[in-house]
**Student:** 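Dropping the structure in here first, questions after.
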Amino acid sequence: TNSNSTQTTPQNPQVTIQGRTFARDDFTTVTPKIISRVGTNLHNQPNHPLCIIKEKIRDHFYRSFLNRRGNPLFSIYDHLSPVVTVQQNFDSVFVPKDHISRKKGDNYYINEEFMLRAHTSAHQHELVNAGLDAFLVVGDVYRRDEIDTSHYPVFHQMEGVKLFTHHELFAKCNNATNLSLFETGSTARTPDKQETHTMEAAKLLEFELKSIITSMAELLFGKDIQCRWIEAEFPFTHPSWELEIFFQGEWLEVLGCGIMEQKLLQSAGAGTSVGYAFGLGLERLAMILFDIPDIRLFWSTDNRFLAQFRDQDTNQVKFKPFSKYPPVIQDMSFWCPESDYESNDFYDLVRNVGGELVEQVAMIDEFTHPKTHRKSHCYRITYRSMERTLVREEVIQIHALIRETAERELRVEAR
Ligand code: FA5
Ligand code: MG
């Protein structure tokens, strides 16, 4: 099954994604394996758990915001291509040029100009600019990230944006004419609000945002769910928060959100409104809802997985694990090359060669040789199949193939 997955070395000066051809350059980090996921659109496959959770959340927003004729205010965009410009993904949401999130090691760049989106926030600016004031965007997003049961290089996000005019935000206040969205002079930015916003606008937006998110969590998981808000930072919102939910003994981060930066709305032609935005991880929410223990299962084509979600009352479905096969654990140590090495390069390679058999990669040791100053890394790789018991010899072969490929492609030196 891994016969064509070791081709991480560029052989072709061009990259083709969904019929579009791009010139490779120094930025290119997409791999054939990652490109093969583009267009799968798990979130649009009926009865897939990601599609089920998308529809539940969408319906919550449809029902919660109706216009005077009783029609939903929100519209949903779940077919936007994940191929975006670097400008859309970063510049349009004010990610500074030197921000760590732009690192080659963290993203799937197609070339200097294009990339696979790293978040659905890449579409905020264009949709606000198109005149929308209440929308959801659902799609696959791509990140070179760590490997464990809740992180996967391709996952799905839902973005939500809601704008308010003065009239809309203060509709429920009886002294609305004494309230304003904007300060007349510019005040200082504080932890509570942006410089141009009034305190009443900022606090009311925060209340609206947290209310709709909390009601969503209660709808999905019931009133007894344990949630907490953590202060966060994003370049495109202030103030910002993350929501965590208690799941399997740990706090799991499920979404980021905040009050939209006013300069974003201004640059997109909506400067007279204010708004909030959020971006949630669909896998994380589906894992909680259906008790799915490992994020790799979303890509399973095994009928024992998919059939569980078919034609059922989804309020009843709890995933019945069809396997908890034993893991096989193997360590790998090597000297890193002098330059141009990042752990994410290795994680990517492990996924390419080891495929879905890799459950987790953890760096367990790192040291610098006192004389030669060379750096050594040691990684512990947990292999486990969702579908069968792995044979030790099989794992040893894959492990050796990972080592050989890393020596060849990353110029590491096995110890
Ligand atoms: C963002 O991506 C922001 N764009 C969210 C946002 C939108 C903030 C709008 C403010 C306004 P973050 O990197 O934290 O933030 O990712 C958001 C969510 O995606 C996380 O909370 C998590 O649920 C999910 N997520 C992140 N990385 C992974 C991964 N590797 N695998 C699965 N889910 C992930
Ligand atoms: Mg986060």
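Just so you know, residue 1 is the first one in the sequence shown, and it goes up from there. Heavy-atom basis, side chains included; hydrogens, waters and symmetry copies ignored. Counting starts at 1 for both ligands and their atoms, following the listed order.
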**Student:** Identify the two heavy atoms, one from M363 and one from S343, that lie closest to each other, and give their separation to 0.1 Å.
**Tutor:** CE-OG, 3.3 Å

**Student:** Say whether, by atom type as modelled, one donor and one acceptor occur between the side chain of E233 and the main chain of W241 under 3.5 angstrom.
**Tutor:** no

**Student:** Can you tell me which portion of F278 lies within the under-4.0 Å heavy-atom range of ligand 1? Options are side chain, backbone, both, or neither.
**Tutor:**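 The answer is the backbone of F278.
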
**Student:** Any non-hydrogen atom of Q124 lying under 4.0 Å from ligand 1?
**Tutor:** yes

**Student:** What's the shortest heavy-atom distance between L181 and F164, and which atoms?
**Tutor:** CD1-O, 4.3 Å

**Student:** Can you find an N/O atom of R143 closer than 3.5 Å to an N/O atom of ligand 1?
**Tutor:**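 N/O-N/O distance under 3.5 Å: yes.
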
**Student:** With a 4.0 Å heavy-atom cut-off (strictly under), which part of R284 contacts ligand 1: side chain, backbone, both or neither?
**Tutor:**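 Looking at R284 and ligand 1, just side chain atoms fall under 4.0 Å.
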
**Student:** Is the positively charged end of K375 above the ring of W335, judged by distance under 6.0 angstrom from the centroid and angle within 45° of the axis?
**Tutor:**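 No, K375 and W335 do not form such a contact.
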
**Student:** For S240, does its backbone N or O pair with a side-chain atom of T237 as donor and acceptor, under 3.5 Å?
**Tutor:**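 The answer is no, because no donor-acceptor pair under 3.5 Å joins these two groups.
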
**Student:** Counting only heavy atoms closer than 4.0 Å, does ligand 1 sit against the backbone of S150, its side chain, both, or neither?
**Tutor:** backbone

**Student:** Measuring from non-hydrogen atoms of Y276 to any atom of ligand 1, is the shortest distance under 4.0 Å?
**Tutor:**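 Per 4.0 Å heavy-atom rule, Y276 does not contact ligand 1.
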
**Student:** Give a yes/no on ligand 1: does C257 have at least one heavy atom closer than 4.0 angstrom to it?
**Tutor:**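 So C257 counts as touching ligand 1.
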
**Student:** Students should be able to answer this: which protein heavy-atom is nearest to atom 19 (O) of ligand 1, and at what distance?
**Tutor:**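 Protein heavy atom with the smallest distance to atom 19 (O) of ligand 1: Q157 NE2, 3.3 Å.
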
**Student:** With a heavy-atom distance limit of 4.0 Å, tell me whether I295 approaches ligand 1 through its side chain, its backbone, both, or neither.
**Tutor:**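 Near ligand 1, I295 shows its side chain, while the N, CA, C and O stay back.
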
**Student:** I'd like to check which ligand 1 atoms, numbered from 1 as shown, lie under 4.0 Å from a non-hydrogen atom of L255.
**Tutor:** 21 (O)

**Student:** For F94, does the six-membered ring have the charged nitrogen or CZ of K263 within the cation-pi criterion, i.e. under 6.0 angstrom from the centroid and within 45° of the normal?
**Tutor:**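 Yes, K263 lies over the aromatic ring of F94.
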
**Student:** Testing H156, R117, Q157 for side-chain hydrogen bond (donor to acceptor under 3.5 Å, both in side chains) with D140, which one passes?
**Tutor:**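 Going through the options one by one, the only one that passes is R117.
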
**Student:** Among all protein heavy atoms, pick the one closest to atom 30 (N) of ligand 1 and tell me residue, atom and distance.
**Tutor:**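 That would be D145 OD2, 3.1 Å.
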
**Student:** Looking only at distances, please establish whether an N/O atom of ligand 1 is found under 3.5 Å from an N/O atom of S121.
**Tutor:** yes

**Student:** Looking only at distances, can you tell me whether any N or O atom of L280, backbone or side chain, sits closer than 3.5 Å to an N or O atom of ligand 1?
**Tutor:** no

**Student:** Determine whether the side chain, the backbone, both or neither of M260 has a heavy atom under 4.0 Å from any heavy atom of ligand 1.
**Tutor:**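 Neither part.
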
**Student:** Hey, which atoms in ligand 1 end up nearer than 4.0 Å to a heavy atom of A277?
**Tutor:** 9 (C), 11 (C)

**Student:** For atom 34 (C) of ligand 1, state which one of F155, Y152, Y142 supplies the nearest heavy atom.
**Tutor:**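 Looking at heavy atoms only, the winner is F155.
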
**Student:** Quick check: Y62 with F74 (ring centres under 6.0 Å apart)?
**Tutor:**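 Distance test on ring centres: not under 6.0 Å, no.
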
**Student:** Fit a plane to each ring of F290 and F309, take the angle between them on a 0 to 90° scale, and name the class: parallel (under 30°), tilted (30 to 60°) or perpendicular (over 60°).
**Tutor:** perpendicular

**Student:** Run through E356, E283, E387, E359 and flag the one making a salt bridge (charged side-chain N to carboxylate O under 4.0 Å, His left out) with R296.
**Tutor:** E359

**Student:** Going by the order shown, which atoms of ligand 1 are within less than 4.0 Å of some heavy atom of E242?
**Tutor:**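 Answer, ordered by atom number: 14 (O).
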
**Student:** Show the nearest heavy-atom pair for residues V93 and F236, with the distance to one decimal.
**Tutor:**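 Result for this residue pair: O-CD2, 3.4 Å.
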
**Student:** Which one holds for E146 and ligand 1: side chain close, backbone close, both close, or neither close, with close meaning a heavy atom under 4.0 Å?
**Tutor:**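 Neither; no heavy atom under 4.0 Å.
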
**Student:** Give me the nearest non-hydrogen protein atom to atom 9 (C) of ligand 1 as residue plus atom name, then the distance to 0.1 Å.
**Tutor:**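 Looking at atom 9 (C) of ligand 1, the protein heavy atom closest to it is E159 OE2, 3.3 Å.
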
**Student:** What's the verdict on salt bridge (charged side-chain N to carboxylate O under 4.0 Å, His left out) for D345 and R144, showing C-alpha distance, side-chain angles and the deciding distance?
**Tutor:** CA-CA 8 Å; D345 297 332; R144 305 177 84 207; 2.9 Å; yes

**Student:** Can you tell me, to 10 degrees, how wide the angle at the Mg ion (ligand 2) is between OE2 on E242 and OE2 on E253?
**Tutor:**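 With the Mg ion (ligand 2) as the vertex, OE2 (E242) and OE2 (E253) sit 90° apart.
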
**Student:** Looking only at distance, does V254 have an N or O less than 3.5 Å from an N or O of ligand 1?
**Tutor:** yes

**Student:** Is there side-chain contact between K162 and D133, with heavy atoms separated by less than 4.5 Å?
**Tutor:** no

**Student:** Quick one: nearest non-hydrogen protein atom to atom 15 (O) of ligand 1, plus distance?
**Tutor:**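 In this structure, atom 15 (O) of ligand 1 has F234 CE2, 3.5 Å as its nearest protein heavy atom.
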
**Student:** At what distance is the nearest protein heavy atom to atom 7 (C) of ligand 1, and which residue and atom is it?
**Tutor:**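 That would be G279 N, 3.2 Å.
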
**Student:** Quick one: does T237 get an N or O within less than 3.5 Å of an N or O on ligand 1?
**Tutor:** no

**Student:** Could you find the nearest protein heavy atom to atom 14 (O) of ligand 1 and give me its residue, atom name and distance?
**Tutor:** E253 OE2, 3.1 Å

**Student:** Identify whether NZ of Lys or CZ of Arg in R20 sits under 6.0 Å from the centre of the six-membered ring of F114 and within 45° of that ring's axis.
**Tutor:** yes

**Student:** When the ring planes of H48 and F298 are compared, do they come out parallel, tilted or perpendicular, using 30° and 60° as the limits?
**Tutor:** tilted

